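Structure, as structure tokens:
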Amino acid sequence: MSVSCAGGPEEPAAETEAPAAAAEAPGPRARAASSLATVLVAAGAPWRYQDTGADLGSAWSAPGYNDAAWAEGAAPLGYGEPDLATTVSYGSNANSKHITTYLRTRFTVEDASRVSELLVRLQRDDGAIVYLNGAEVFRSNMPTGAVGYRTLAPATISLPAEETTWMEQVVSPAALVTGTNVLAVEVHQSAANTSDMRFELELSATAAPDANPMSACYPFDMPTTSVLRAARKKVFGFYYPIYPISLENKDPSVDFWSSWLDPEGRNGEYRSVGGLMRDRPLPRPPWTGNWRQRDFETEVRRAIAAGLDGFIYEHPYKVSSNDANNQLKTMLAAALAVDPEFHIVLSPDFPVKAGDVPDPVATAVAAVANHPSVYRHNGAIVLASFGVNRQPVSYWATLRNQLSAMGIATTYWPFLDYAAPTTTLYSDWNDMVAGYSTWGSRPASSGETMRRWSVEAHRRGRMWMSPVAFEDVRHRFDEARVNSTRVYWEAQNSLAFRTQFEKAIEGDADWVSLLTMTDYCESWMTASQERGYVIMDWIAYYTAWFKTGQRPTILRDTLYYTHRRHRTDAPFDATKQNAPPMALKGGPSGWNQVELLAFLKEPGRLVITQGTDVRTLDVTSAGVTPFSVPLVPGTTPVFELQRNGQTVQRLVSKTPIVAQTVYQDMMYHAGGGRECTRP
């Protein structure tokens with residue numbers, strides 16, 4: 001079986017700045033919601049209204065009031081403005097119009113006890129008072145105290161921009177009831193000879209999420225899959241298919257993975273580097289039946305448990321000599337079998353020689369274009385290929401046109417070259433893409449660059465997919481690729497991962513790409529033998545934050561650790577490791593730390609013990625706290641959470657730290673988390 005690693009991060013000579021500004025006008029940006037909410041009364045909804053100028057007193061806002069005789073029309077309602085859906089009457093005298101117009105609508109709530117807050121968004125010309133089930137909840141441009149049907153709004157709303165401005169107010173849900181509710185509004189004019197009137201309203205509710213059975217695995221309550229899917233933001237894991245859970249369905253002790261991890265495996269093919277890699281997927285016994293699809297289904301379930309929307313699946317444009325690479329249709333079948341809403345973004349490889357034509361790529365895409373699990377953006381199949389700069393933009397335009405001629409609408413979300421002249425790239429691609437991305441770089445410092453790229457993509461009216469990785473470490477040696485093998489980027493334990501995700505949140509990225517889930521030759525984050533579910537737990541935490549706009553509240557104390565097996569400068573046995581030593585490609589040098597990443601529900605003391613070396617940190621507030629100390633060779637780290645002088649949790653590393661090694665191992669080992677049932 002042949003092996004080739006994915007391309008990995010681009011390698012700029014120095015940290016690349018964000019793209020320079022260009023001349024294009026900024027595109028519209030949707031208002032970012034602070035949390036996931038359910039719309040109870042939508043803008044444009046129908047309202048019953050009373051526009052006769054009569055004095056209705058106070059009973060009209062009560063739920064039991066009979067409004068059957070009132071007229072009905074869709075919002076916005078009013079008169080004297082060009083974009084109204086419903087025109088109401090102001091009476092027979094233009095110089096003595098009705099001061100007050102009354103409106104009512106009904107909506108249903110399944111369980112009012114779960115609603116934590118309501119948000120009223122209101123357009124009013126001139127003033128309005130909003131009632132929920134007869135209780136006043138919002139007053140805008142109206143005097144204090146009691147009002148009557150002849151009470152004037154104190155200020156005139158005259159400018160068009162002011163008339164269509166949404167006035168917002170978070171209100172208490174105390175008056176909300178399970179079942180049918182009534183929202184009532186009285187709109188008041190500022191004068192009897194006013195020229196116009198306008199009313200529009202939206203009501204939304206933030207509710208406690210349904211219980212997610214995966215929450216027991218996490219330090220926080222994970223929102224349900226349906227809540228996460230409702231978010232406009234998406235998280236996709238890049239899936240590299242040549243490293244699935246199993247390659248030939250053999251016992252783990254004698255399968256390909258065991259031979260890749262063993263320096264003497266495969267007749268010593270990777271003896272000079274101590275084995276192709278240092279980690280593998282969680283082992284499983286041989287299965288009967290369609291074991292490839294079953295493996296994919298396992299990985300789909302694990303991704304869903306962490307909040308992912310799907311995979312970005314790299315696949316060849318022709319039949320591969322590595323059969324693991326020929327499983328796109330199997331992956332699509334697995335996604336559909338587990339969850340029809342879990343989608344696969346196509347990432348087709350392509351011929352890269354000058355003059356190559358895109359015909360075989362068009363054929364490969366067309367072969368799966370009608371599958372329901374293929375991801376579409378606004379009806380168009382998204383193609384998210386790596387290294388698109390190896391062909392000119394005209395190549396991709398031709399591919400798009402060929403697929404269009406087959407009746408297949410496509411759009412691009414390319415991984416553009418990290419080190420190329422970015423302004424030119426954006427200008428060349430802007431009319432071709434739904435959004436931009438890049439493979440990025442792996443040090444923590446790259447997060448700020450990605451944030452600025454997000455701002456630039458939005459300025460150009462396009463979306464942004466921000467790359468997030470845990471680390472990138474490549475133990476393999478290939479003389480033909482000497483600059484990208486036997487190298488690593490310093491991740492500083494969990495810092496790079498945390499920073500990249502937090503900068504994606506800060507920069508209002510639309511998507512996050514996890515690079516990668518399964519490339520054990522370079523960068524992997526799915527559940528594995530040496531890390532368990534640690535990185536997947538972190539992905540769940542940050543995905544929930546990214547999608548809901550709210551940092552999850554820590555409800556269960558949980559400890560995680562990361563550290564290497566030895567210092568970066570530890571001596572190795574050059575008689576056995578006769579490949580070049582590992583070289584640092586990016587990030588700070590000499591980073592030799594043991595990190596405890598503590599998710600705490602309340603303050604406590606963190607303790608890291610390495611032999612006689614004992615370090616403590618007093619944490620004064622709940623939340624996520626990283627605690628790093630120098631790595632001590634010859635010890636096995638022990639991690640503790642203490643409160644009131646008592647040990648609450650104790651965690652012993654599964655990876656002893658050695659002073660010297662036979663073969664270098666630059667990957668971060670990890671452990672910790674909660675005991676629970678996982679996919």
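Since we're looking at a predicted model, the values are computed, not measured. We number each residue from 1, following the sequence as shown.
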**Prompt:** Is any side-chain heavy atom of Val235 less than 4.5 Å from a side-chain heavy atom of Lys547?
**Reply:** yes
**Request:** Just say parallel, tilted or perpendicular for the rings of Tyr218 and Phe220, cut-offs at 30° and 60°.
**Result:** parallel
**Separation between CZ of Arg302 and CE of Met517, rounded to the nearest 0.5 Å** = 10.0 Å
**Message:** Could you walk me through whether Ser466 and Trp511 satisfy the side-chain contact (heavy atoms from CB on, under 4.5 Å) test, starting with their C-alpha distance in whole Å, then the side-chain angles of each, then the deciding distance to 0.1 Å, before giving a yes or no?
**Reply:** CA-CA 6 Å; Ser466 207; Trp511 285 12; over 6 Å; no
**Prompt:** Using 30° and 60° as the class limits, which term best fits the ring planes of Phe497 and Trp538: parallel, tilted or perpendicular?
**Reply:** tilted
**Message:** Ring centres under 6.0 Å, that's the criterion: do Phe311 and Phe238 meet it?
**Reply:** no
**Message:** Side chains of Phe236 and Ser513, heavy atoms from C-beta outward: is any pair under 4.5 Å?
**Reply:** no
**Asked** Side chains of Leu119 and Thr206: does their closest heavy-atom pair fall under 4.5 Å?
**Response** no
**Asked** Does a side-chain heavy-atom distance below 4.5 Å link Arg678 with Asp537?
**Response** yes
**Asked** Regarding Arg498 and the six-membered ring of Tyr542, is the cationic atom NZ or CZ under 6.0 Å from the ring centre and inside 45° of its axis?
**Response** no
**Asked** Does Arg531 count as lying over the ring of Tyr668, i.e. NZ or CZ under 6.0 Å from the six-ring centre, within 45 degrees of the axis?
**Response** no
**Item:** Heavy-atom check, side chain of Gln327 versus side chain of Pro241, under 4.5 Å
**Value:** no
**Request:** Before giving the answer on side-chain contact (heavy atoms from CB on, under 4.5 Å), spell out for Val473 and Trp524 the whole-Å C-alpha distance, their side-chain angles and the decisive distance to 0.1 Å.
**Result:** CA-CA 10 Å; Val473 55; Trp524 65 101; 4.1 Å; yes
**Prompt:** Distance from Lys233 atom NZ to Thr548 atom OG1, nearest 0.5 Å?
**Reply:** 10.5 Å
**Asked** Do the side chains of Trp413 and Val382 get nearer than 4.5 Å, heavy atoms only?
**Response** yes
**Message:** Taking the side chain as everything from C-beta on, heavy atoms only, tell me whether Leu328 gets closer than 4.5 Å to Leu332.
**Reply:** yes
**Message:** Any side-chain to backbone donor/acceptor pair from Ser385 onto Pro348? Under 3.5 Å, distance only.
**Reply:** yes
**Message:** Nearest 0.5 Å, please: how far is OG1 in Thr298 from CD1 in Ile245?
**Reply:** 5.0 Å
**Request:** Ignoring hydrogens and angles, state whether a donor on the side chain of Ser494 or Glu595 is under 3.5 Å from an acceptor on the partner side chain.
**Result:** yes
